[in-house]
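Working notes, structure below.
Since we're looking at a predicted model, the values are computed, not measured. Numbered from 1 within each chain, the chains take letters A, B, ... in sequence-line order.
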Amino acid sequence: MAGGMADEKLPKRSEDFSEWYNQLVLKAQLADYAPVRGCMIVRPYGWALWENIQQALDQRFKATGHQNVAFPLLIPRSFIDKEKHHVEGFSPELAVVTIGGGEELAEPLVIRPTSETIIGHMWSKWIQSYRDLPVLMNQWNSVVRWELRTKLFLRTLEFYWQEGHTAHATREEAEFETRQMLDTYTDFAVNDAAIPVIPGRKSDSEKFAGADTTYSLEAMMGDRKALQFCTSHFLGQNFSQAFEVRYLDQNGELQHCWTTSWGLSTRVIGAIIMVHGDDQGLVLPPKLAPYQAVIVPIFKTDEEKTAVLDTARKLKAELAKANIRVTLDERDGQSPGWKFNDWEMRGVPLRVELGPKDVAKQAAVLARRDRPGKEGKVSVPIADLAATVERLLEEIQQALHDKALAFRKSNTHDAKTYEDLKRAVENGFAFSFWCGSAECEAKIKEETRATMRCIPLEQPGGSGACVSCGQLATERAIFGRAY
RNA sequence: CGGGGUGUAGCGCAGCCUGGUAGCGCGCCUGCCUUGGGCGCAGGAGGCCCCCGGUUCAAAUCCGGGCGCCCCGACCA
C-alpha cells in the first residue's frame, strides 16, 4: 500500500520487473505519487538517501573549485529561443506561465527545464576579462520537463538534480572540465553508489540540445536495460554566442567563452534500486544508506526487555561513536520477524539482532542484507561489534559493486553481425563496431528498439565492419534498450 | 493525440447484468496475549459509491454528458 508499512511481499523481480520496481518504491517509503500526474513526492527516507548523494557529490564539486549558486525558477520565454538547437530540443516539453497576479503576462515565463540560458544571460554581465575566468558554478534545484510517460525517480515532470555550469577562456580548458566532471561522476558511481558505469560519448541524435559533445555514464539495470546515470556536456561557444558571453583576452581582443554543463538527478536513486534491489526489497550501498545498521531487539518478558534494551542502547551509542549511521528499532507491537522484513524492504545493509541469549553471552547476531537467510548471519562478541560492522560495511560495498559488474559483463556481448546484435539487445548490451552514421543508428533503433547508448571512451582498438552497413569502422559502440 | 481499461473506506477489491438497509481483505484505534523470520483473539472507528444531468415511488446499480487515473502506441534529457 502506498502510505503504509512493508506489509506484503513484492512481485518477483524476475517475473515483473516494472511492477516490482513500482511497489518497492512505495513500500520502502522512498516516494509516493503526487496529486498531479507524473509528479513525485520524495518521502523522508528517500530524501535522506538523496541528501547522502548530494553530500558525496557536493564535496567533490567543492574540491574541484566549484561554488554553489541559486538562479530563479522562472525564465523569460525569449531566452529559450536564443539558441537554435536548444529551442528545438526543449520547446515540446516546456511548462509555461502565462498569467501572474491575475493578469496576462506581457512575456510568457517558462519554468526552467535547465538553466543554461538564464545563466548565460547573467554571465554576459559578469564576465568581461580573462581575469574573470574560469567561472565554476553549480546549483542544486529542481527542473520541469513535460514528459508524456513517467515513472517514479526515472522520469517525472519535476525532478531534483544538480546542474553545474562553467565558463572558460579556451576550448581546451572547457573540454578538460567536461571530462573532469565525467570522471568525478564515475568516481561517485563506482565508489559510492557501487554501480559500474561505462563512460562514453553520445551520438548526435542523443546529445543535449545545444551541446557540441555530450558525454554520459551508462549503467546496466537488473533487467538488462540501460540507464543514463548522468551527463556532462561540452557546449562549445553555442551559448556564449547566443548570450554574448565575451571577455577581453591578454591581447585586448574580444573572445567568446567556452562553456560546459553537467548534471546528475534523483534518477540515480532509480538506478540504485534497479541495480542492487532483490525480491526482498531495496539493497542500499553502505556509503549512501540513511541507516547503515539497524538494531532489532528481541525479548519475551519484562526482565528480558529491560536487559535487552539496555544493552541495545549501549550498542547504538557505541556504533554511533564509530561514525556508523545506526538506528534502534524500539517500536512496540511489531514482532522481530516483522521488523526483519521491514528493514530488508528498506535496504539497510546490516541488521544487528539482539536477544536474551545474545545478552547472556555478550554477543550479537549480524545479518548481511546482501546475503539473504542464514548464510549472511554471524554471531559477534559485543566487544568486537563496531570493528566488525565497519569491516562488513566495506565488504558489502565492494560486493555490491562486484556483483553488478559481473552481471553487466555476462550480459554484454561482442556482436559482430547484425543478427548477433539483434540477439544481444534482446538480453543485454551489444558492443559493436559502428560506422558513425545516423542512418545506421536510426535503422538499428527502428528494427530492434535498441538505441546507441554511447561510444565508450575506452576502446579495445582495431577496426572492423560496421554491424549495420558493413563499412569499415574504427570505433565500437554500446547498443541496448534503455529507460 | 489514437486503442484498451478503470473510478465504491487509507490501500486492494466485490456488489452493477436482474434498481430497494453499502460489503470483504489488509491497514488504523482500544484491550488482552505474544515477540529468535511478516503472532493470535475480542471489540471499535472510518463512505459525496468521481462529477453533472435524466428515467423511476426509489439509482452505487439503468440512460446521456463530462472529468480523472492506469496500460499499450506515438514522443522523450
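- Here A/Pro92 lies out of heavy-atom contact (under 4.0 Å) with every strand.
- When both distances must be under 3.5 Å, the Watson-Crick or G-U wobble mate of B/G2 is B/C72.
- B/G37 and B/C33: their P atoms are spaced 22 Å apart (whole Å).
- In this structure, B/U55 makes no Watson-Crick or G-U wobble pair, since no nucleotide meets both defining distances under 3.5 angstrom.
- Listed nucleotides B/G37, B/G36, B/C76 differ in distance to A/Glu93; the shortest reach to its side chain belongs to B/C76.
- For A/Asn52, the side-chain hydrogen bond (donor to acceptor under 3.5 Å, both in side chains) criterion is met by no residue, not counting sequence neighbours.
- Looking at heavy-atom distances under 4.0 Å, A/Thr114 makes no contact with the nucleic acid at all.
- With B/G37, B/C76, B/G36 as the choices, the nucleotide that has an atom nearest any side-chain atom of A/Pro336 turns out to be B/G36.
- Toward the 5′ end of RNA chain B lies the nearest nucleotide of A/Pro372, the other residue of the pair A/Pro372 and A/Ser205 mapping further downstream.
- The shortest distance between the side-chain N/O atoms of A/Arg149 and the OP1/OP2 oxygens of B/G73 is below 4.0 Å.
- Pairing partner, B/C39: none, since no Watson-Crick or wobble contact has both distances short of 3.5 Å.
- For residues 68-80 of chain A, every residue pair satisfying the side-chain hydrogen bond (donor to acceptor under 3.5 Å, both in side chains) rule, not counting sequence neighbours, is listed here: A/Asp58-A/Asn68, A/Asn68-A/Asn138, A/Arg77-A/Asp81, A/Arg77-A/Ser91, A/Ser78-A/Glu107.
- Ring pair A/Trp258/A/Phe176: centre-to-centre distance not below 6.0 Å.
- Atom-to-atom, CZ of A/Arg369 to P of B/G37 comes out at 17 Å; the value is rounded to the nearest Å.
- Counting to the nearest Å, the P atom of B/C76 and the NZ atom of A/Lys207 are 16 Å from each other.
- By the side-chain hydrogen bond (donor to acceptor under 3.5 Å, both in side chains) test, A/Arg60 is found to be paired with A/Asp187, A/Asp192, residues two or more places apart in sequence or in another chain being considered.
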Anything under 3.5 Å between a protein N or O and an N or O of nucleotides 40-46 of chain B, put it in a table, one pair a line.
none

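- Computed from coordinates, the A/Lys445 NZ to B/G73 P distance equals 14 Å when rounded to whole Å.
- The gap from the C1' atom of B/C11 to that of B/C70 amounts to 16 Å, rounded to the nearest Å.
- Pairing for B/C67 goes to B/G7, judged as Watson-Crick or G-U wobble with the two contacts each under 3.5 Å.
- When rounded to the nearest whole Å, the span between CG of A/Leu148 and P of B/C1 equals 12 Å.
- At a threshold of 4.0 angstrom between heavy atoms, the contacts of A/Lys357 include nucleobase atoms, whether or not backbone atoms are also involved.
- The environment of CH2 in A/Trp47 is crowded: more than 12 heavy-atom neighbours from other residues, nucleotides or ligands sit within 6.0 Å.
- Spacing between atom NZ of A/Lys151 and atom P of B/C72 amounts to 8 Å, rounded to whole angstrom units.
- Across the strands present, B/G47 finds no partner; the criterion is a Watson-Crick or G-U wobble pair with both atom distances under 3.5 angstrom.
- In this view, A/Lys422 and A/Glu419 satisfy the salt bridge (Lys or Arg N to Asp or Glu O under 4.0 Å) rule, not counting sequence neighbours.
- Nearest nucleotide to the A/Asn341 side chain, out of B/G36, B/G37, B/A74: B/G37.
- To the nearest whole angstrom, the two P atoms, one in B/G4 and one in B/A9, are 27 Å apart.
- Using a 4.0 Å cutoff on non-hydrogen atoms, the parts of residues 294-315 of chain A near RNA chain B are A/Ile298, A/Phe299, A/Lys300, ordered by number.
- Ion pairing of A/Glu330 with A/Lys316 is absent here, as no side-chain N (NZ or NE/NH1/NH2) approaches a carboxylate O to less than 4.0 Å.
- When the nucleotides B/G37, B/A74, B/C39 are ranked by their closest atom to the side chain of A/Ser335, B/C39 comes out on top.
- Rounded to a whole Å, the CZ atom of A/Phe159 is 16 Å from the P atom of B/C76.
- Relative orientation of the A/Phe239 and A/Phe243 rings is parallel, given thresholds of 30° and 60° on the angle between their planes.
- Between A/Lys314 and A/Asp310, at least one side-chain N (NZ, or NE/NH1/NH2) sits under 4.0 Å from a carboxylate O, which counts as a salt bridge.
- Atom C1' of nucleotide B/C39 and atom NZ of A/Lys339 are separated by 14 Å, given to the nearest angstrom.
- Taking atom C1' in both B/A58 and B/A22, one finds a spacing of 16 Å when rounded to whole Å.
- If you take atom P in B/U30 and the same atom in B/G20, they sit 38 Å apart, rounded to whole Å.
- B/C24 is paired with B/G12 under the criterion used here, namely a Watson-Crick or G-U wobble arrangement in which both key atom distances are under 3.5 Å.
- Among the heavy atoms of the strands, none lies under 4.0 Å from A/Tyr33.
- Comparing the same atom, C1', in B/G27 and in B/G10 gives a spacing of 7 Å after rounding to whole Å.
- In terms of the side-chain hydrogen bond (donor to acceptor under 3.5 Å, both in side chains) criterion, A/Arg371 has no residue partners (sequence neighbours excluded).
- By the side-chain hydrogen bond (donor to acceptor under 3.5 Å, both in side chains) test, A/Thr231 is found to be paired with A/His233, residues two or more places apart in sequence or in another chain being considered.
- Remark: A/Phe340 pairs with no residue by the ring-ring contact (aromatic ring centres under 6.0 Å, His included) rule, at least two apart or across chains.
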